[in-house]
Amino acid sequence: MAVRSNIVGIDSPAALEKALRAAYYLADEGLATAAYLGLALGKPLLLEGAPGVGKTEAAKAIAAVLGRRLIRLQCYEGIDASAALYEWNYPRQMLAIRQAGDESIDIYGETFLIERPMLATLRAPDSTVLLIDEIDRADQEFEAFLLEFLSDFQISIPERGTVRAAERPVVVLTSNRTRDLHEALRRRCVYHWIDYPTEEREARIVMLRASSVAEATARAVVAAVGKLRREPLSKAPGIAEAVDWAEAATLLHTGGARWPEAFKRSIGVALKDEEDLHFISPRLDAMLAEATA
C-alpha cells in the first residue's frame with residue numbers, strides 16, 4: 001500500500017484539523033485522525049452517526065481543504081449501477097442512427113455516454129472527492145456492487161472497455177445506521193462514528209457558522225437543542241438546525257421580539273414535524289426559560 005504522508009501540505013491529523021477549521025468545520029481529534037488516515041492510506045472514509053451530526057458537511061469540508069470538486073451520489077432504496085456509474089443516451093443514439101442513414105456510426109462514442117458520479121470520479125481522481133451519501137438507504141445488492149468499486153477503483157463498460165482510476169480517489173461514505181452495513185464494506189474503509197458535539201463545541205460551531213449570533217444566544221440555543229434531543233422526537237434537531245435556529249431567533253430579536261419569545265416563535269426552524277411540535281408544545285416555555293436563564 002502506497003502511503004501518502006503529505007496531502008496538499010497536510011502532514012498530520014492536527015494539520016488537517018486546523019485546515020478543516022479554516023473551512024468552517026470544527027472536527028474533533030478522532031474525526032481529524034480518521035480523515036487524515038483515509039487520505040494518507042488511500043482508503044475510503046466511512047462516517048456513521050445520527051442524522052444532523054455533520055457527516056455530509058465533513059465531506060464538503062474535506063473537499064474544500066483539498067481544493068477539489070465534490071461529487072455527491074445520494075443513495076436511495078432501489079438505486080442501481082446505472083444511476084451510479086453511467087448510462088447511454090438512448091434517444092440521442094436513435095437520432096444519430098436515423099441521421100447517419102447508410103453511413104457507419106459509432107453509437108457508443110463519448111458523445112452518447114452519460115457520466116454518473118462514480119465514472120466521473122474514476123476519470124478525474126486527482127481533482128474530485130466522491131461522497132456516497134446515506135449508503136444505508138441503498139439495498140444490499142447495491143452495497144455488494146460497491147464492494148468491487150472500492151477494492152479496485154475500476155469499472156468495465158462492455159462497449160468501451162475498462163476504466164481505471166490513475167490514482168486512488170478520495171471517497172467518503174456516510175450512514176445514518178438505519179441498517180447494518182456488510183462487514184466486507186467496513187473492512188475496506190477507515191471508520192469513524194460522529195456523535196453530537198459537546199455543548200461547548202456546538203456553541204463554537206454555531207458562532208463559527210452564524211457570525212451574527214451573539215455568544216449568549218448560541219449557548220441558549222445549544223442548551224435548548226440539547227434538551228430537545230433528550231426527548232422521544234421522531235426528528236431530533238441536528239447541528240444545522242441549531243445554527244439556523246440561532247440565526248432565526250436573532251433575526252426576530254433584531255426586529256423587536258423579546259427573549260425567549262424570539263426562540264419560541266422560530267421553533268419551526270428547529271423542529272420540522274407536526275407531531276414533534278404538538279408533543280413538545282406544553283413544555284416548550286419552561287424549556288426555553290431554563291435555557292435562556
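No hydrogens, no waters, no symmetry mates; every other heavy atom, side chains included, goes into these values.
Under the 3.5 Å distance criterion, the side-chain polar atoms of Arg21 are left unmatched by any main-chain donor or acceptor of Ala27. Of the possible polar contacts, one joining the Lys55 side chain to the Gly49 backbone as a donor-acceptor pair under 3.5 Å is found. A distance-only check finds a donor-acceptor pair linking the side chain of Arg201 to the backbone of Leu26 [under 3.5 Å]. Looking at Asp28, its side chain does come within 3.5 Å of a backbone N or O of Gly30 through a donor-acceptor pair. The backbone N or O of Val269 sits nowhere less than 3.5 Å from a side-chain atom of Ser266 that would complete a donor-acceptor pair. Looking at Thr217, its side chain never comes within 3.5 Å of a backbone N or O of Val213 through a donor-acceptor pair. Asp273 places no side-chain N or O within donor-acceptor distance of the main-chain N or O of Lys235, the cut-off being under 3.5 Å. Looking at Arg137, its side chain never comes within 3.5 Å of a backbone N or O of Gln74 through a donor-acceptor pair.
Taking the six-membered ring for Trp and thresholds of 30 and 60 degrees, Trp259 and His253 have nearly parallel ring planes, at less than 30 degrees apart.
Hydrophobic clustering (ILVMFWY, side-chain heavy atoms < 4.5 Å, transitive): Val170 and Leu20 are in one cluster. Residues Ile194 and Val225 do not share a hydrophobic cluster, defined by chaining ILVMFWY side chains whose heavy atoms lie under 4.5 Å apart. Hydrophobic clustering (ILVMFWY, side-chain heavy atoms < 4.5 Å, transitive): Val65 and Tyr25 are in one cluster. Cluster membership check: Leu233 does not share its hydrophobic cluster with Ile239, using side-chain heavy-atom separations under 4.5 Å among Ile, Leu, Val, Met, Phe, Trp and Tyr. Cluster annotation: Phe112 and Leu95 are assigned to distinct hydrophobic clusters (Ile/Leu/Val/Met/Phe/Trp/Tyr, side-chain heavy-atom contacts under 4.5 Å, transitive).
Here Asp195 contributes atom CG and Leu31 contributes atom CG; the two are 12.5 Å apart, rounded to the nearest 0.5 Å. Note that the NZ atom of Lys264 and the CG atom of Leu284 stand 6.5 Å from one another [nearest 0.5 Å]. Note that CG of Leu251 and CG of Asp244 are 12.0 Å apart. Values are rounded to the nearest 0.5 Å. Note that CD1 of Ile10 is 9.5 Å distant from OH of Tyr36, once rounded to the nearest 0.5 Å. Between atom CE of residue Met207 and atom OG of residue Ser212 there is a gap of 12.5 Å, rounded to the nearest 0.5 Å. From Ile267, atom CD1 reaches atom CG of Leu228 across 5.5 Å, with rounding to the nearest 0.5 Å.
Residues Arg209 and Glu247 fail the side-chain proximity criterion, which asks for heavy atoms closer than 4.5 Å. The shortest side-chain heavy-atom distance between Met94 and Tyr90 falls under the 4.5 Å cut-off. Residues Cys75 and Ile132 meet the side-chain proximity criterion, which asks for heavy atoms closer than 4.5 Å. Side chains of Glu167 and Asp126 form a contact here, defined as non-hydrogen atoms less than 4.5 Å apart. At least one side-chain heavy atom of Leu39 sits less than 4.5 Å from a side-chain heavy atom of Leu66. Put simply, the side chain of Ile280 reaches to within 4.5 Å of the side chain of Met287, judged on heavy atoms. Val163 places a side-chain heavy atom less than 4.5 Å from the side chain of Ile157. By the 4.5 Å heavy-atom criterion applied to side chains, Leu37 and Lys43 are not counted as neighbours.
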Go through Ile135 and Leu181 one step at a time and tell me if the side-chain contact (heavy atoms from CB on, under 4.5 Å) criterion holds. CA-CA 8 Å; Ile135 180 60; Leu181 301 180; 3.9 Å; yes

Could you walk me through whether Asp136 and Arg177 pass the salt bridge (charged side-chain N to carboxylate O under 4.0 Å, His left out) test, one step at a time? CA-CA 6 Å; Asp136 54 318; Arg177 208 165 190 176; over 6 Å; no

Working for salt bridge (charged side-chain N to carboxylate O under 4.0 Å, His left out), residues Arg219 and Glu199: CA-CA 8 Å; Arg219 294 189 180 280; Glu199 285 194 9; over 6 Å; no

Show your working on side-chain hydrogen bond (donor to acceptor under 3.5 Å, both in side chains) between Ser151 and Arg188 and close with a plain yes or no. CA-CA 7 Å; Ser151 294; Arg188 285 163 171 76; 2.5 Å; yes

Audit row: Leu122, Arg164, side-chain contact (heavy atoms from CB on, under 4.5 Å) steps and yes/no: CA-CA 6 Å; Leu122 291 182; Arg164 297 182 179 85; over 6 Å; no

Evaluate Asp80 against Ser82 for side-chain hydrogen bond (donor to acceptor under 3.5 Å, both in side chains), listing each step before the verdict. CA-CA 6 Å; Asp80 58 11; Ser82 62; 2.8 Å; yes

Show the numbers, then the answer: is there a side-chain contact (heavy atoms from CB on, under 4.5 Å) between Phe153 and Val171? CA-CA 10 Å; Phe153 290 111; Val171 181; 3.8 Å; yes

Stepwise, does the side-chain contact (heavy atoms from CB on, under 4.5 Å) test hold for Leu130 with Val172? CA-CA 6 Å; Leu130 175 62; Val172 180; over 6 Å; no

For Glu115 and Arg123: C-alpha separation, side-chain torsions, deciding distance, then whether salt bridge (charged side-chain N to carboxylate O under 4.0 Å, His left out) applies. CA-CA 10 Å; Glu115 195 177 68; Arg123 285 177 156 183; 2.9 Å; yes

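Between Leu85 and Leu119 the shortest heavy-atom distance is O-CB, 3.2 Å. Closest of all the heavy-atom pairs between Leu150 and Leu173 is CD1-CD2, 4.2 Å. Heavy atoms only, all atoms of each residue included: Ala224 and Leu288 are closest at CB-CD2, 4.2 Å. Scanning all heavy atoms of the two residues, the minimum distance from Thr292 to Ala220 falls at CG2-CB, 4.0 Å. Scanning all heavy atoms of the two residues, the minimum distance from Ala84 to Leu73 falls at CB-CD2, 3.8 Å. Of all the heavy atoms in Ala59 and Leu70, the pair that sits closest is O-CD1, 4.0 Å.
Shown here is Glu159, whose CD atom has more than 12 heavy atoms of other residues, nucleotides or ligands within 6.0 Å. More than 12 heavy-atom neighbours from other residues, nucleotides or ligands sit within 6.0 angstrom of CZ on Arg283. In Glu290, the CD atom is not crowded: 12 or fewer heavy atoms of neighbouring residues, nucleotides or ligands sit closer than 6.0 Å. Atom NZ of Lys18 is surrounded by 12 or fewer heavy atoms from other residues, nucleotides or ligands within 6.0 Å. Within 6.0 Å of the CD atom in Glu87, the count of heavy atoms belonging to other residues, nucleotides or ligands exceeds 12. Within a 6.0 Å sphere centred on CD of Glu148, heavy atoms belonging to other residues, nucleotides or ligands number 12 at most.
A cation-pi geometry, defined here as NZ or CZ lying under 6.0 Å from the six-membered ring centre and within 45° of its normal, does not hold between Arg187 and Tyr191. Under a cutoff of 6.0 Å and an axis angle of 45°, Arg229 and Tyr196 form a cation-pi pair.
If you look at Phe145 and Phe149, their ring centroids are not closer than 6.0 Å.
Partner of Arg179 under the salt bridge (charged side-chain N to carboxylate O under 4.0 Å, His left out) criterion, out of Glu134, Glu48, Glu143: Glu143 alone.
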